[in-house]
Amino acid sequence: MTSKQLTGYDRLHNARLNKGTAFTEAERSAFGLEGLLPPAMLSLELQVARRHDEIVRLENDLLKYLVLSDLQARNETLFYAVLRSDPATYMPIVYTPTVGEACQKFGHIFRQPRGIYLPISARGRVKELLSNWPEKDVRFIVVTDGERILGLGDLGAGGMGIPIGKLALCTACAGVPPQYCLPVVIDVGTNNQALLDDPLYLGLRQSRVRGGEYMAFVDEFVTAVQQLYPKSCIQWEDFANINAVPILERYRNEICTFNDDIQGTAGVALAGILASLRITKQKITDQRFLFLGAGSAGTGIAELISKAMAETGMDIHEARRRNALFDVNGLLVTSRKDIADFQRPFAQDRQPIAKFVEAVKALKPTGIIGVSGIPKLFTREVVETMAELNQRPIIFPYSNPTSRSECSAEEAYRWSGGRAIFASGSPFPPVEIGGRKFVPNQGNNVYIFPAMAMALFATEAERVTDEMFLTAAQAIAEQVSEDNLAAELIYPPRERIFATSLHVAERVAACIFDQGLARVPRPADIGALIRSCVYRPVYPE
Ligand SMILES: O=C([O-])CC(=O)C(=O)O
Ligand SMILES: [Mg+2]
């Protein structure tokens with residue numbers, strides 16, 4: 001019996017087919033549902049309103065997360081209808097910051113499983129485990145090994161919350177059909193002692209496997225995915241730098257794949273900068289950026305900004321030198337002995353500087369970007385110095401979740417005398433200072449990865465290139481209206497994320513066709529192609 005023909009109780013307990021109280025009289029009789037539901041019939045709109053009413057009354061965000069997660073397991077259409085009805089309200093719950101707390105408490109709040117768990121104890125059998133997934137045509141995989149979940153560190157198998165949340169947004173924000181999406185955790189152990197000591201921890205109870213054995217397991221995963229799902233894209237999420245960079249380098253020219261923390265974050269940061277320049281009326285080649293944090297997110301942003309500078313004719317090496325990095329050991333300068341290959345292009349030819357504020361004074365950046373995962377490092381002195389150096393300092397504390405932000409929105413606005421152009425990775429509520437209201441921007445990769453997923457899905461792309469992220473950044477920035485800019489908004493409003501994402505997906509898809517990387521024929525109307533692929537949360541008749 002195919003799932004389309006499921007009847008009675010089985011149909012009510014299949015999240016994709018369930019309509020709950022929205023089953024019509026005819027359906028109730030055809031599917032053997034009579035007596036299994038209360039007699040009244042509700043519309044989808046009423047069901048959405050009922051859930052909204054329930055959720056708004058709950059006293060904390062983790063409870064809201066759980067109610068939504070249960071809904072996703074019970075009635076998928078309604079879940080996405082709820083998310084799409086009010087993305088600005090629901091994104092912070094299914095995604096950052098609340099998803100971070102859900103990952104931390106994963107074993108304690110665990111209910112129904114979702115996705116595929118690949119413990120390294122199953123090495124040699126990854127394909128067999130993946131084959132247990134009920135869908136046979138998977139197109140988009142988000143995978144983590146849980147080692148660097150947002151800025152929260154090693155959460156082991158609890159990291160599964162991230163692929164689940166990211167994929168929910170691919171569907172809610174860009175219409176990628178949920179049946180093609182697969183969340184995966186590669187479980188090689190955890191070095192988080194508190195988790196290892198917790199009787200409710202759900203992952204492998206061992207320290208992390210490293211080196212050749214680790215990479216062989218990742219290889220086995222990639223090979224199995226290629227065999228089972230040849231049209232799929234793999235999105236790497238929240239790996240530690242030591243693995244994120246080599247994994248991306250290993251596969252980026254072999255398969256359709258990208259790292260959201262490196263490339264997605266880069267795209268969204270560049271989008272924010274491009275829009276900021278419309279406020280300051282400056283050119284990108286006049287900018288200098290100083291990054292707090294020199295990991296793969298920092299170098300990813302620095303590289304994409306450099307490419308955008310180079311596009312306007314600047315020498316790429318000169319462009320890279322305008323993007324300086326600062327980490328626990330100070331400014332990355334050429335004389336330092338602890339610099340990794342991926343950081344070297346950004347090393348500055350000058351004396352070492354140990355204090356971040358001294359680096360700000362010496363380099364006179366037009367913008368500072370925080371990707372350290374450590375809160376409060378954009379101190380009052382740092383922000384005040386930026387405000388002395390610049391009429392409109394760009395201040396982007398990008399670490400997630402909100403508790404890890406390098407400064408709060410209020411601090412940035414207050415300490416800069418209201419002159420900061422501010423964007424954070426996770427959301428901050430509006431602030432009022434001296435009678436003036438500021439609505440903080442959220443520069444999160446949610447503007448990028450759902451749209452990227454949709455473009456790759458619609459075109460069946462073979463590879464993911466930096467040009468696609470440059471295109472995505474431009475496509476986001478051009479959707480910021482003059483009215484938005486006048487209100488200091490440098491990203492399109494979150495309320496409009498769906499329309500925004502479809503536009504970005506269309507532009508990226510055009511780039512994919514231009515680069516000859518599509519596996520479907522180029523249509524006359526690329527927007528129509530995207531729209532024809534979009535999942536809409538309405539009940540089938
Ligand atoms: O999930 C987010 O909000 C952004 C992201 O990828 C990260 O911080 O790792
Ligand atoms: Mg991430």
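Every number for a ligand or one of its atoms is a count from 1 in the order of the listing. Predicted, not measured: the structure shown is a model, and the values here were computed from it.
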For ligand 1, run through the N/O pairs with the protein that fall under 3.5 Å and put one pair on each line.
{"from": "ligand 1", "atom 1": "1 (O)", "to": "Y95", "atom 2": "OH", "distance (Å)": "3.2"}
{"from": "ligand 1", "atom 1": "1 (O)", "to": "K166", "atom 2": "NZ", "distance (Å)": "3.0"}
{"from": "ligand 1", "atom 1": "3 (O)", "to": "Y95", "atom 2": "OH", "distance (Å)": "3.2"}
{"from": "ligand 1", "atom 1": "3 (O)", "to": "N400", "atom 2": "ND2", "distance (Å)": "3.4"}
{"from": "ligand 1", "atom 1": "3 (O)", "to": "N444", "atom 2": "ND2", "distance (Å)": "2.7"}
{"from": "ligand 1", "atom 1": "6 (O)", "to": "K166", "atom 2": "NZ", "distance (Å)": "2.8"}
{"from": "ligand 1", "atom 1": "6 (O)", "to": "E237", "atom 2": "OE2", "distance (Å)": "3.0"}
{"from": "ligand 1", "atom 1": "6 (O)", "to": "D261", "atom 2": "OD1", "distance (Å)": "2.9"}
{"from": "ligand 1", "atom 1": "6 (O)", "to": "N445", "atom 2": "ND2", "distance (Å)": "3.1"}
{"from": "ligand 1", "atom 1": "8 (O)", "to": "N400", "atom 2": "ND2", "distance (Å)": "2.7"}
{"from": "ligand 1", "atom 1": "9 (O)", "to": "R148", "atom 2": "NH2", "distance (Å)": "2.5"}
{"from": "ligand 1", "atom 1": "9 (O)", "to": "D238", "atom 2": "OD1", "distance (Å)": "2.8"}
{"from": "ligand 1", "atom 1": "9 (O)", "to": "D261", "atom 2": "OD1", "distance (Å)": "2.8"}

*Nearest 0.5 Å, what's the CD-CZ distance between E303 and R320?*
4.0 Å
*Is it true that atom CG of D338 has more than 12 heavy atoms of other residues, nucleotides or ligands lying nearer than 6.0 Å?*
yes
*Return the minimal non-hydrogen interatomic distance between M91 and C173, and the atom names on each side.*
SD-SG, 4.1 Å
*What about the rings of F469 and F258, do their centers lie closer together than 6.0 Å?*
yes
*Is it the case that more than 12 heavy atoms not belonging to Q112 sit under 6.0 Å from its CD atom?*
yes
*asked:* Under 2.8 Å from the Mg ion (ligand 2), can any N, O or S atom of D238 be found?
replied: yes
*Could you grab the angle centred on the Mg ion (ligand 2), going from OD1 in D261 to OE2 in E237, to 10°?*
100°
_Y447: partners by side chain to side chain donor-acceptor pair (under 3.5 Å), with sequence neighbours left out_ = none
_Which heavy atom of F106 sits nearest to which heavy atom of A157, and what is that distance?_
CE2-O, 4.0 Å
